[in-house]
Amino acid sequence: MNSIQLTNDYVTPTYNRMPIVVDKAEGYYIYDKNGQKYLDFTAGIGVNALGYNHPEWVKATQNQLSKLQHISNLYYTEPSAEVARKLCLHTQMEHALFVNSGAESNEVAIKVARKYGHQQDEQKHDILTLTNSFHGRTVATLSATGQESFHQFFGPFTEGFDYVEANNIEALHQKVTDQVCAIMIEIVQGEGGVVPLDADFIKEIADTCKQKDILLIIDEVQTGIGRTGKLFAYEHYDIQPDIVTAAKGLGNGLPIGVAILGHKVKDVLQAGDHGSTFGGNPVASAGANVVLDTVTDDFLETIEEKSAYLKQELEGLDGVESVSGLGLMIGVTFKHEKAKDIVLRAKEEGVLFLTAKDKLRLLPPLIIDKAAIDEALACLKKILKTEQMEVLK
Ligand SMILES: *Cc1c(COP(=O)(O)O)cnc(C)c1O
């Protein structure tokens, strides 16, 4: 039977899918069942950082798969211990707690923040997030998500969240009460439309947190692991978070999530306070080790170079109105076209893009090279040109 028909018949329709049955992939190209080839500027929504079939990643995960696939967290394993060491050394933080997804890593951050607050004052349980943010789809992380559209149907929602208008310092100070235990932010709002926060605003949040013993949580689920040109996007600014969450790019194709905990909160959770059956899975962790060993300072520099080139060329395209984002997380608006129409047209031309709100979102594998960037640019140029000719007709 046809996979599209089967999916439509038997899988809950919670996604708007493209009519492409993906069969295999290599590097930054995806192939469908008919052998049709697509250039991938989506990276599994920021997951396939090293692209597809990265030789060392495949080797490490295959080796681990043939040795030990899973063991409970009642025992120790080497791969997750190594991932934790690398993440802590890099961030100058102290502990890592492993889960399986971005939402779960944010759940950990929320639990740590609540318990930390509770230890000081039972009323100190509020968490501030930003308007237009996205933190996940569990009930608690939906509450953390500062978009009204996510706050329907599934109530009653988790209490104790409030939302500050992004980049509004005055609004921030109005919302910071004695009951606030943490502020959680994305450095570049991803699902919210590839919106980078202002440096001043980030600094003000970090300073406020420090002064008032409020935890600073950075959701790096999309921005982390090299996506913005630093291993973590917060490193573009002179700030030290208390909790950093990561998932997508760290997994590179297998599910993993992590909350990295700084000095203040390293021992807040004790035995029994949290757990995850699959958390720290040895196969996913073996892959994550390759990701972390590959995303070196030199590798990060290439991301900055590719980003500068891509942004400059996008800005020069006739019909482009604005370009936003950091590193290889880029949003584009157009003078006339809607981003979702561009995505459909690009698919016909053999290039896959994403949208985020009203923007075209470019999230290529980090291993993308100049030739592939030029291919994507040529596709956009062709679409914009034919659209303009339509307008002139
Ligand atoms: C994708 C995303 C999440 C949710 O991650 P899942 O793995 O889908 O649970 C959370 N926060 C941000 C910033 C994200 O981009």
Side-chain angles (χ1 to χ4, degrees), residues 12 14-16 42-49 97-113 127-147 149-151 154 158 161 163 166 182-197 202 216-228 230-234 236 241 243-260 276 278-281 284 287-288 291 324-331 354-357 359 361-364 366:
T12 309
T14 50
Y15 302 97
N16 289 315
T42 74
I45 316 189
V47 169
N48 298 86
L97 202 165
F98 291 106
V99 288
N100 316 288
S101 66
E104 279 178 274
S105 63
N106 288 334
E107 287 273 347
V108 171
I110 292 164
K111 283 177 77 173
V112 170
I127 297 176
L128 296 180
T129 66
L130 304 183
T131 54
N132 206 39
S133 58
F134 181 79
H135 297 294
R137 293 177 179 279
T138 61
V139 174
T141 57
L142 280 179
S143 295
T145 293
Q147 302 186 47
S149 59
F150 286 88
H151 301 164
F154 312 115
T158 310
F161 287 91
Y163 316 100
I183 302 178
M184 173 150 82
I185 60 172
E186 300 156 87
I187 297 289
V188 182
Q189 296 186 324
E191 304 306 308
V194 200
V195 186
L197 297 185
I202 294 172
L216 176 57
I217 304 171
I218 314 278
D219 178 345
E220 296 262 10
V221 170
Q222 191 161 149
T223 52
I225 320 298
R227 177 55 58 187
T228 71
K230 302 274 185 199
L231 191 67
F232 291 108
Y234 78 80
H236 288 284
I243 305 176
V244 172
T245 59
K248 294 183 166 115
L250 185 62
N252 193 49
L254 286 171
I256 191 169
V258 66
I260 314 166
S276 165
F278 286 108
N281 173 271
V291 172
S324 66
L326 281 179
L328 291 174
M329 179 172 180
I330 296 177
L354 297 165
T355 58
K357 289 277 173 329
K359 287 188 191 159
R361 177 167 44 156
L362 283 62
L363 223 50
L366 303 180

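Residue indices begin at 1 and follow the sequence shown. Atoms within a ligand are numbered from 1 in the order they appear, just like the ligands themselves.
In this structure, a donor-acceptor pair under 3.5 Å is present between the side chains of Q147 and K357. A side-chain donor from one of H236 and T228 sits under 3.5 Å from a side-chain acceptor of the other.
Counting heavy atoms from C-beta on, the side chains of I110 and F161 come closer than 4.5 Å.
With H135 as reference, T129 is the one residue of T245, T129, I127 to meet the side-chain contact (heavy atoms from CB on, under 4.5 Å) rule.
Legend: residues meeting ring pair (Phe, Tyr, Trp, His ring centres under 6.0 Å) with F232, ordered by chain and number and at least two apart, are absent.
Around ligand 1, the residues contributing at least one heavy atom under 4.0 Å from the ligand are S101, G102, A103, N106, F134, H135, G136, E186, D219, V221, Q222, K248.
The structure places OG of S101 at 9.5 Å from NZ of K248, a figure rounded to the nearest 0.5 Å.
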